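One-based numbering, in listed order, for ligands and for the atoms of each. Computed from a predicted model, the values in this text were never measured in an experiment.
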Amino acid sequence: MKVLKFGGSSLASAKSIKLLIDIIKSEQQNLWVVVSASGKTTDYLVELTQLALAKDESYKVGLKTLEQHHISICKESLPIAAQTCVIALIKSACNELEQLLDAVYWLEDLSPKTQDKIISFGELLSAQLLAEIASKEIESVQYKDSRELISTNSQFTNAKVNFDRTNSFIADFQKNNEAKVTILGGFISANEANETTTLGRGGSDYSAAIYAAALKAEVLEIWTDVSGLYAANPKLVKQAKPIANISYEEAMELSHFGAKVIYPPTIKPVLEKEIPIKIKNTFDANAEGTTISNSSNGKRQTIKGISHVEGISLLTLEGLGMIGIHGISKRLFEVLANNHINIVMITQASSEHSICIAIAKESSQKAEQLINDAFKNEISEHLIQPISVENDLAILAVVGDQMKSHQGVSGTLFSSLGSNNINIRAIAQGASEKNISCVIKDDDVKKALNCIHAAFFEAHIKELNVYIAGVGNVGSKLVSQLQQQQVYLKEALNLNVKIVGIANSKQYYINENGLGNSDWITKLSEQKVDNDVSYYDAIAALNKQNSVFVDVTANEAVANSYADLLRKSISVVACNKIACSSDYNDYKELKYLAKKYKASFLYETNVGAGLPIIKTVQNLISSGDQITEIQAVLSGSLNFIFNEYTNGELFSTIVKQAQDEGYTEPDPRIDLSGKDVARKILILIREAGIPLEFEAITNNPMLPKGSLEAASVDDFYSLITTENDHFKQLLSEAKNQNSKLKYVASYKDGKASVGLQFIPKNHPFYNLEGKDNIVSFYTNRYQEQPLIIKGAGAGADVTASGLFADIIQIGSAN
Ligand code: ADP
Ligand code: ASP
Ligand code: MG
């Protein structure tokens with residue numbers, strides 16, 4: 001025979017009950033079917049009780065909703081003739097419930113005993129309803145009240161089973177039980193006085209295990225809403241896969257630390273009888289699921305899974321008076337045990353000068369009082385400090401039988417947490433070495449699970465979560481390059497680059513699963529402008545591992561966000577030059593933050609678009625060279641303008657053309673004023689290790705004064721049309737000297753300048769075409785012949801590919 005247990009989701013609707021009945025029908029042998037309350041009924045009953053206790057009459061309306069929920073399942077599942085008596089049964093149960101809730105309301109008192117009586121109605125209703133529905137489709141169905149079989153002590157809400165009485169009740173009942181299918185409610189039980197008790201939240205699994213063990217069932221099947229026990233909670237880790245085989249011990253460790261697909265005590269009764277447990281999915285009955293048995297005979301993986309429990313408080317007892325004194329831990333544990341406070345994790349430093357325990361947050365206030373009371377003498381003598389309590393934490397556990405024989409599990413675990421800036425508050429390794437657990441912030445759980453899962457189970461593929469700010473010319477090119485290369489990056493570089501967020505100056509669009517190849521332009525334009533939650537807040541709230549923020553704007557406010565992003569371990573890739581060319585201390589601070597928070601700060605496209613100029617300087621410096629002189633044409637747009645301005649076209653027309661083709665900054669004055677070039681040479685100088693400020697760069701203006709002071713870009717164009725003669729004169733002067741006009745940036749002997757120069761024919765800059773850039777570095781190693789880098793220095797495609805290269809560099813780090 002078999003015992004099948006169906007969780008709340010399998011009883012939540014007429015549709016799921018139909019699936020459940022199909023599963024029962026497909027079985028040839030005798031079955032005991034144990035069920036949970038329908039859907040979230042138990043939570044709901046707890047809520048209604050709390051409302052009644054708080055003198056809030058809305059519990060009455062809530063109760064009607066609950067009644068209606070059960071009646072509608074009955075109506076959808078049963079022929080009309082069969083409905084009346086079942087509806088009467090539901091109504092009578094709800095009447096009784098109402099009386100109980102009324103009593104709580106009037107007495108303003110709720111004992112654990114009453115609480116149990118109230119929540120037992122969830123399973124009483126679901127099991128009887130199912131028995132009625134099943135008996136219409138299957139022959140020989142019987143309902144049995146679990147309270148007549150599972151006998152417990154009187155520890156209401158978390159009662160302990162009396163196995164002798166329970167096993168003999170089950171055996172007695174089974175002797176005369178001829179039903180093919182016996183249906184029972186899980187979770188509920190009774191004490192020796194026949195008062196209703198419950199086995200603790202999630203306890204239906206346990207009821208089923210008790211029955212399976214008592215009946216020596218061939219297998220215990222736990223039917224739920226996921227296809228097995230996964231390597232991590234599949235609701236939080238999309239990449240997680242079900243584990244085919246796992247040992248009892250491993251399953252126990254995983255469930256102890258929150259893999260709630262199976263209730264931890266469940267394993268004990270079946271383990272003793274060596275009955276295998278199968279976890280199956282009601283909604284995908286053909287999926288293989290997980291088998292929990294004596295051997296984990298699956299692949300010899302070092303770790304099997306990662307689980308977590310949220311809502312944890314960490315209590316630390318500390319004091320020099322603890323060293324060498326016996327019995328402190330005993331007293332600490334005793335006071336908690338005597339008050340039924342469960343310790344989830346313990347760590348003690350080898351100095352014995354502090355003990356850390358993790359408990360559920362609900363008990364933390366009580367525990368704090370009890371412990372301070374228990375140690376009041378030591379506290380008053382300053383031997384021990386009052387207990388310190390930290391809330392809003394979670395425990396994360398990495399579990400596997402094979403862990404003890406493999407070094408480096410903790411190394412991988414902690415380095416993947418560390419590199420994502422997840423702070424670890426406490427660490428414990430089970431004596432069995434089947435688990436390593438650590439305490440982290442609740443808010444970090446999802447990120448931690450995903451990065452640990454990636455480190456152990458998807459080691460070959462690294463996921464990068466990219467957030468783009470600015471989707472003009474360059475930004476949209478970058479999106480299409482990333483979309484187009486997605487498959488290649490996965491196959492060739494083992495990188496899964498997901499664009500998770502995208503923003504323009506007004507709105508943003510975020511999709512946790514990535515944009516894929518979707519039409520992001522429409523998606524972005526359909527977003528509501530959210531003034532309450534900024535793009536940065538939304539990024540921080542997602543708290544994803546390996547996050548990269550890409551600034552494709554020229555905006556100062558965006559540049560000002562980098563420090564905060566880096567502090568959250570979010571890497572920054574920028575073509576925006578503002579951050580690196582503003583105050584020197586701010587630039588250094590960003591580099592420092594990147595290092596401290598193990599994030600990257602990359603800005604290759606600040607100078608020369610996609611050309612590898614900054615990397616070259618960094619490599620020269622790190623290999624011990626020194627830069628003595630720089631000569632460069634660093635403005636693709638100005639080079640384009642002066643190359644085009646040769647044969648009679650008006651200067652202003654050419655500037656407009658450069659802007660239209662996307663070669664200038666959004667505001668062309670930034671290029672024409674020389675400010676943009678000055679910023680670029682400043683960044684190169686700083687990268688060369690010289691702490692220079694922007695103001696120290698001599699800017700030899702080429703535009704007549706006044707034109708830069710125009711109120712808008714349009715006004716500026718009207719002003720420079722009046723300056724066409726000025727440029728015409730410059731051009732003819734250059735021609736007379738057999739030279740070309742080039743906008744040059746130079747650095748030598750601690751001094752930097754930018755300005756228009758006449759470049760003679762034999763000069764390497766003379767033939768610089770189109771919008772190309774050129775940089776000559778003179779260094780200790782390149783004294784005679786400079787190191788020259790030359791190539792396209794502006795344009796959306798090359799800038800986007802420079803940003804792309806920076807993103808890949810982050811993906812390839814560590
Ligand atoms: P039931 O009502 O069937 O007892 P539960 O909600 O108690 O179902 O347990 C199933 C849920 O357990 C899943 O929906 C999933 O969210 C959660 N869960 C947590 N960790 C894991 C894990 N490692 N593998 C599978 N499910 C998990
Ligand atoms: N219905 C109970 C609960 O929600 C027991 C169970 O579902 O396992 O805790
Ligand atoms: Mg459960």
Side-chain angles (χ1 to χ4, degrees), residues 4-12 16 19-20 34-47 115-116 118-127 146 150 157-159 184-189 197-210 220-244 246 250-267 277-284 287 289-290 292 303-310 394-400 445-446 449 452-453 457:
L4 272 54
K5 178 258 167 175
F6 290 89
S9 50
S10 311
L11 289 117
S16 62
L19 296 173
L20 184 165
V34 180
V35 295
S36 290
S38 167
K40 300 251 174 262
T41 298
T42 316
D43 287 340
Y44 201 56
L45 286 169
V46 171
E47 218 174 283
Q115 175 78 84
D116 264 359
I118 292 173
I119 56 179
S120 69
F121 276 89
E123 270 71 7
L124 287 172
L125 276 169
S126 66
S146 277
I150 298 187
T157 73
N158 203 1
L184 312 99
F187 180 54
I188 55 174
S189 42
T197 56
T198 63
L199 300 174
R201 294 302 310 272
S204 290
D205 297 349
Y206 189 36
S207 311
I210 295 168
L220 163 62
E221 293 182 357
I222 308 259
W223 289 81
T224 181
D225 59 354
V226 284
S227 297
L229 186 57
Y230 282 61
N233 185 345
K235 303 231 163 97
L236 298 178
V237 181
K238 292 269 172 328
Q239 324 283 347
K241 301 263 176 319
I243 306 165
I246 186 166
E250 288 170 327
M252 193 122 74
E253 298 278 356
L254 277 176
S255 55
H256 175 70
F257 288 107
K260 81 171 187 158
V261 71
I262 184 160
Y263 178 63
T266 308
I267 296 167
I277 306 175
K278 280 194 165 203
I279 315 257
K280 300 273 293 174
N281 189 350
T282 306
F283 305 89
D284 185 6
T290 298
I292 307 173
I303 79 157
K304 269 290 165 64
I306 318 146
S307 57
H308 74 283
V309 214
E310 289 179 34
I395 298 183
L396 206 125
V398 171
V399 171
V445 162
K446 192 168 176 192
L449 285 175
I452 300 173
H453 189 272
F457 296 95

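- Listed for the S307 side chain is a donor-acceptor partner under 3.5 Å among the backbone atoms of L254.
- Every residue two or more places apart in sequence or in another chain that forms a salt bridge (charged side-chain N to carboxylate O under 4.0 Å, His left out) with K446 is listed here: E512.
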Run through all N or O atoms in ligand 2 and write down each protein N or O closer than 3.5 Å, as a pair with its distance.
unit_1: ligand 2; atom_1: 1 (N); unit_2: T42; atom_2: OG1; d: 2.7
unit_1: ligand 2; atom_1: 1 (N); unit_2: E123; atom_2: OE2; d: 2.6
unit_1: ligand 2; atom_1: 4 (O); unit_2: T42; atom_2: OG1; d: 3.3
unit_1: ligand 2; atom_1: 4 (O); unit_2: R201; atom_2: NH2; d: 2.9
unit_1: ligand 2; atom_1: 7 (O); unit_2: S36; atom_2: OG; d: 2.9
unit_1: ligand 2; atom_1: 8 (O); unit_2: G202; atom_2: O; d: 3.2
unit_1: ligand 2; atom_1: 8 (O); unit_2: G203; atom_2: N; d: 3.4
unit_1: ligand 2; atom_1: 8 (O); unit_2: S204; atom_2: N; d: 3.0
unit_1: ligand 2; atom_1: 8 (O); unit_2: S204; atom_2: OG; d: 3.3
unit_1: ligand 2; atom_1: 9 (O); unit_2: R201; atom_2: NE; d: 2.6
unit_1: ligand 2; atom_1: 9 (O); unit_2: R201; atom_2: NH2; d: 3.3
unit_1: ligand 2; atom_1: 9 (O); unit_2: G202; atom_2: N; d: 2.7

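- A donor-acceptor contact closer than 3.5 angstrom links the side chains of T198 and D116.
- K280 approaches A287 most closely through the heavy-atom pair NZ-O, 3.0 Å.
- No side-chain heavy atom of I306 sits under 4.5 Å from any side-chain heavy atom of V237.
- Heavy-atom contacts from other residues, nucleotides or ligands closer than 6.0 Å to NZ of K40 number 12 or fewer.
- Sorted by chain and number, the residues within 4.0 Å of ligand 1 by heavy atom are K5, G7, G8, T224, D225, V226, G228, L229, Y230, A232, N233, P234, K235, A259, K260, V261.
- Here K235 pairs with D225 in a salt bridge; the nearest charged N to carboxylate O distance falls below 4.0 Å.
- In terms of modelled atom types and a separation under 3.5 Å, the side chain of E123 and the main chain of A37 share a donor-acceptor contact.
- Not counting sequence neighbours, D284 has no partner by the salt bridge (charged side-chain N to carboxylate O under 4.0 Å, His left out) test.
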